[in-house]
Amino acid sequence: MHFEIVRLDEVDGTAVDSIVVDAASVDGIVQQAAATGQRLWIRPSEAPVP
């Protein structure tokens, strides 16, 4: 399964950038975002991982 992870602007919550990753990569990205205080939006994706 693949997920799209969107990094959100800290001020207004708009999307800054996004990446599609496999399920195994999600935990590491979430841990890194939590450590740095980044806001993320994660949703399932049909797009293939590049």
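Numbers here simply count residues along the sequence, with the first being 1.
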Leu8 meets the side-chain contact (heavy atoms from CB on, under 4.5 Å) criterion, sequence neighbours left out, with Val6, Arg39, Trp41
The reported gap from CD1 in Ile5 to OG in Ser45 (rounded to nearest 0.5 angstrom) is 10.5 Å
Quick note, salt bridge (Lys or Arg N to Asp or Glu O under 4.0 Å) partners involving residues 5-18, not counting sequence neighbours, are Arg7-Asp17
Between His2 and Pro44, is there a side-chain heavy-atom distance shorter than 4.5 Å? no
Solution key, residues 24-37 side-chain donor-acceptor pairs under 3.5 Å, sequence neighbours excluded:
| from | atom 1 | to | atom 2 | distance (Å) |
| --- | --- | --- | --- | --- |
| Ser25 | OG | Asp22 | OD1 | 2.7 |
| Thr36 | OG1 | Gln32 | O | 3.1 |
| Thr36 | OG1 | Ala33 | O | 3.4 |

